[in-house]
> 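My questions will all concern the structure given below.
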Protein chains: 2
Amino acid sequence: MARTDEKVRYAPEGKPFDYTPQTAALSAQNVIRVLEGRWKLVILFQLFGSNVRRFSELEKAIPGVSQKMLIQQLRQLEADGVVARIVHPQVPPKVEYHLTEWGQSLCPVLDKLLSWAEAAPADVRDRLIESDRSAANTQG
Amino acid sequence: MARTDEKVRYAPEGKPFDYTPQTAALSAQNVIRVLEGRWKLVILFQLFGSNVRRFSELEKAIPGVSQKMLIQQLRQLEADGVVARIVHPQVPPKVEYHLTEWGQSLCPVLDKLLSWAEAAPADVRDRLIESDRSAANTQG
DNA sequence: CGGTATCCGGAATGATACTG
DNA sequence: CAGTATCATTCCGGATACCG
């Protein structure tokens with residue numbers, strides 16, 4: 001039952017940097033930090049679907065988000081190199097957001113995360129798939 | 001340059017449940033929710049290394065954590081089915097924490113996350129690897 | 001040893017109004 | 001259209017004291 005042949009990669013020999021449990025935990029935490037935030041995953045999955053979106057499109061595609069939060073989360077994702085921002089110098093203004101190369105490469109990673117969620121025990125899985133937070137969005 | 005042959009899995013045909021961008025974002029958010037928290041990843045990487053630890057062991061292995069936070073994060077991980085808790089009925093009390101089967105299967109997933117961090121642009125990667133948060137722990 | 005209970009400060013989030 | 005500024009609130013993490 002126990003698959004002890006699973007290889008833990010965070011203490012390799014010739015890797016770019018050698019992981020200890022501490023440093024591995026630290027960088028993993030920072031990855032989570034990039035992804036956490038009330039609206040970041042919602043934004044990212046929007047961009048996975050269409051790749052390029054303007055601000056107002058995202059705003060109406062994401063019910064319940066305020067302008068402040070939307071711009072804040074976008075700015076943070078931009079600062080972390082996940083999304084890029086293009087300003088078209090025209091009036092009325094037009095600003096488009098899209099995934100960077102690195103941002104696009106996140107898609108299969110999140111896929112692994114979802115697979116992990118599917119492999120959860122039934123009771124846990126239900127909580128992971130269907131959240132009470134979705135109820136708040138249905139009343140928009 | 002654009003690898004458009006990457007398959008997005010969240011809208012498949014015969015999967016256990018069909019993903020829309022919304023539901024995918026939602027469940028992904030909940031997975032992140034399981035992992036986020038000031039000490040959860042640190043705890044998990046401790047358990048990846050040793051698999052079984054008692055409360056006091058974790059406490060001294062993780063500098064800077066308070067009893068309140070340690071027990072809180074452990075309880076949440078337990079509620080989410082990632083770790084399990086075993087009470088040995090003896091005096092003085094002995095309580096051990098270990099990864100569940102599902103919790104162990106998280107290891108390769110975090111591995112993918114770390115690989116993604118390594119693939120980041122140089123400037124971003126540096127921020128992901130070395131966090132300012134670690135500075136706060138060095139004064140303990 | 002392995003917790004609980006309570007209080008506090010700061011950060012994250014959100015509603016609202018205003019602007020180039 | 002695409003933001004910025006301000007204020008209110010809620011949530012999270014930490015310090016401290018106490019308990020079976």
Side-chain angles (χ1 to χ4, degrees), chain A residues 25 29-30 32-43 46-47 52-80 83-98 131-133 136-137 139-140, chain B residues 29-30 32-43 46-47 52-80 83-98 131-140:
Chain A
Q29 258 187 330
N30 282 302
I32 296 296
R33 196 179 184 73
V34 171
L35 266 28
E36 80 183 4
R38 180 68 182 84
W39 305 100
K40 286 186 185 173
L41 271 305
V42 185
I43 292 170
Q46 284 293 324
L47 294 179
V52 177
R53 302 280 251 175
R54 357 186 356 178
F55 185 84
S56 55
E57 284 179 328
L58 286 171
E59 198 176 356
K60 63 181 168 58
I62 303 175
V65 71
S66 65
Q67 280 192 325
K68 175 192 167 182
M69 287 313 296
L70 183 55
I71 193 62
Q72 182 197 92
Q73 308 269 291
L74 280 169
R75 288 282 203 272
Q76 290 178 10
L77 287 171
E78 188 189 2
D80 287 325
V83 308
R85 177 175 176 265
I86 296 180
V87 180
H88 299 272
Q90 65 184 45
V91 41
K94 178 178 177 180
V95 178
E96 287 182 323
Y97 294 89
H98 62 94
S131 168
D132 51 320
R133 290 206 171 198
N137 289 347
Q139 64 186 10
Chain B
Q29 257 188 330
N30 283 305
I32 297 295
R33 198 177 183 74
V34 170
L35 266 27
E36 81 183 3
R38 181 68 183 86
W39 305 101
K40 286 186 186 174
L41 271 304
V42 186
I43 292 170
Q46 283 294 324
L47 295 179
V52 177
R53 302 279 252 172
R54 18 190 331 187
F55 184 85
S56 54
E57 284 180 327
L58 286 171
E59 198 174 359
K60 63 180 168 57
I62 304 174
V65 72
S66 65
Q67 278 192 326
K68 175 193 167 182
M69 288 313 297
L70 184 54
I71 193 63
Q72 181 196 91
Q73 308 270 292
L74 281 169
R75 287 281 203 272
Q76 290 178 10
L77 287 172
E78 188 190 2
D80 288 324
V83 308
R85 178 173 175 265
I86 297 180
V87 181
H88 300 270
Q90 65 185 44
V91 43
K94 178 178 177 180
V95 177
E96 288 183 323
Y97 294 89
H98 62 94
S131 168
D132 51 323
R133 289 212 172 194
S134 61
N137 289 348
T138 55
Q139 63 184 12

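Naming convention: chains lettered A, B, ... in sequence-line order (proteins, then strands); numbering from 1 in each chain. Only a predicted model underlies this, so the values are computations on that prediction, with no experimental measurement involved.
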> Apply the side chain to side chain contact (heavy atoms under 4.5 Å, CB included) test between B:Val83 and each candidate in B:Glu78, B:Arg75, B:His98; give the one that qualifies.
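That would be B:Glu78; it is the only one of B:Glu78, B:Arg75, B:His98 passing the side chain to side chain contact (heavy atoms under 4.5 Å, CB included) with B:Val83.
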
> Starting at CD of A:Glu59 and ending at C1' of C:dA15, how long is that distance when rounded to a whole Å?
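That distance rounds to 14 Å.
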
> Quick one: B:Glu96 CD to C:dG3 C1', roughly how many Å, whole number?
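Spelled out: CD on B:Glu96 to C1' on C:dG3 is 16 Å.
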
> For a quick test of reading the model: is some side-chain N or O of B:Tyr97 closer than 4.0 Å to OP1 or OP2 of C:dG3?
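So the side chain of B:Tyr97 is within the cut-off, an N or O lying under 4.0 Å from OP1 or OP2 of C:dG3.
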
> Can you identify which nucleotide, out of D:dA2, C:dG3, D:dG3, has its nearest atom closest to the A:Lys94 side chain?
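Out of D:dA2, C:dG3, D:dG3, the nucleotide with an atom closest to A:Lys94's side chain is D:dA2.
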
> Taking all atoms of both residues into account, what is the closest heavy-atom pair of A:Leu35 and A:Leu41, and its distance?
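Taking A:Leu35 first and A:Leu41 second, the nearest heavy atoms are O-CD2, 3.0 Å.
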
> What is the minimum heavy-atom distance between A:Leu77 and A:Val34, and which atoms define it?
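Heavy-atom minimum between the residues: CD2-O, 4.0 Å.
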
> Picking from C:dG2, C:dT13, D:dA2, which would you name as closest to the side chain of B:Ser56?
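For B:Ser56, the side-chain atoms sit closest to C:dG2.
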
> I need the minimum non-hydrogen distance between B:Ile62 and B:Val65, along with the two atoms involved.
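So the two residues come closest at O-CG1, 3.2 Å.
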
> In residues 65-75 of chain A, which ones come under 4.0 Å of DNA chain D, going by heavy atoms?
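Within this stretch, A:Gln67, A:Lys68, A:Ile71, A:Arg75 sit under 4.0 Å of the strand.
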
> For A:Glu57 and D:dG3, give me the distance from atom CD to atom P, rounded to whole Å.
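Going from A:Glu57 (CD) to D:dG3 (P), I get 13 Å.
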
> Do the side-chain N or O atoms of B:Arg54 get closer than 4.0 angstrom to the phosphate oxygens (OP1, OP2) of C:dG2?
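So the side chain of B:Arg54 is within the cut-off, an N or O lying under 4.0 Å from OP1 or OP2 of C:dG2.
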
> Quick one: is A:Trp39 getting a side-chain N or O under 4.0 Å of the C:dT13 phosphate, OP1 or OP2?
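Result: no.
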
> B:Trp39 and A:Gln29: which non-hydrogen atoms are nearest, and at how many Å?
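Smallest heavy-atom distance, with atoms named: N-NE2, 4.3 Å.
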
> Side chain of A:Arg38 only, heavy atoms from C-beta on: which candidate in C:dC1, C:dT13, D:dA2 is closest?
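The listed nucleotide nearest to A:Arg38's side chain is C:dT13.
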
> Rounding to 10°, can you tell me the angle the first-five-pair axis of the helix from C:dC1-D:dG20 to C:dG20-D:dC1 makes with its last-five-pair axis?
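Roughly 50°, once rounded to the nearest ten degrees.
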
> Show every side chain to side chain donor-acceptor pair (under 3.5 Å) that has at least one partner inside residues 54-71 of chain A, sequence neighbours left out.
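Checked against side chain to side chain donor-acceptor pair (under 3.5 Å) - neighbours excluded - no pair reaches residues 54-71 of chain A.
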
> Minimum heavy-atom separation for A:Tyr97 and A:Leu47, please, with both atom names.
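For A:Tyr97 and A:Leu47, the tightest heavy-atom pair comes out as O-CD2, 3.7 Å.
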
> What is the distance, rounded to the nearest whole Å, between atom CZ of A:Arg85 and atom P of D:dC1?
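In whole Å, D:dC1 P lies 16 Å from A:Arg85 CZ.
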
> Minimum heavy-atom separation for A:Gln73 and A:Gly37, please, with both atom names.
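Minimum heavy-atom separation between A:Gln73 and A:Gly37: OE1-C, 3.4 Å.
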
> Under 4.5 Å between any side-chain heavy atoms of A:Val52 and A:Ile86, yes or no?
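Side-chain contact under 4.5 Å: no.
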
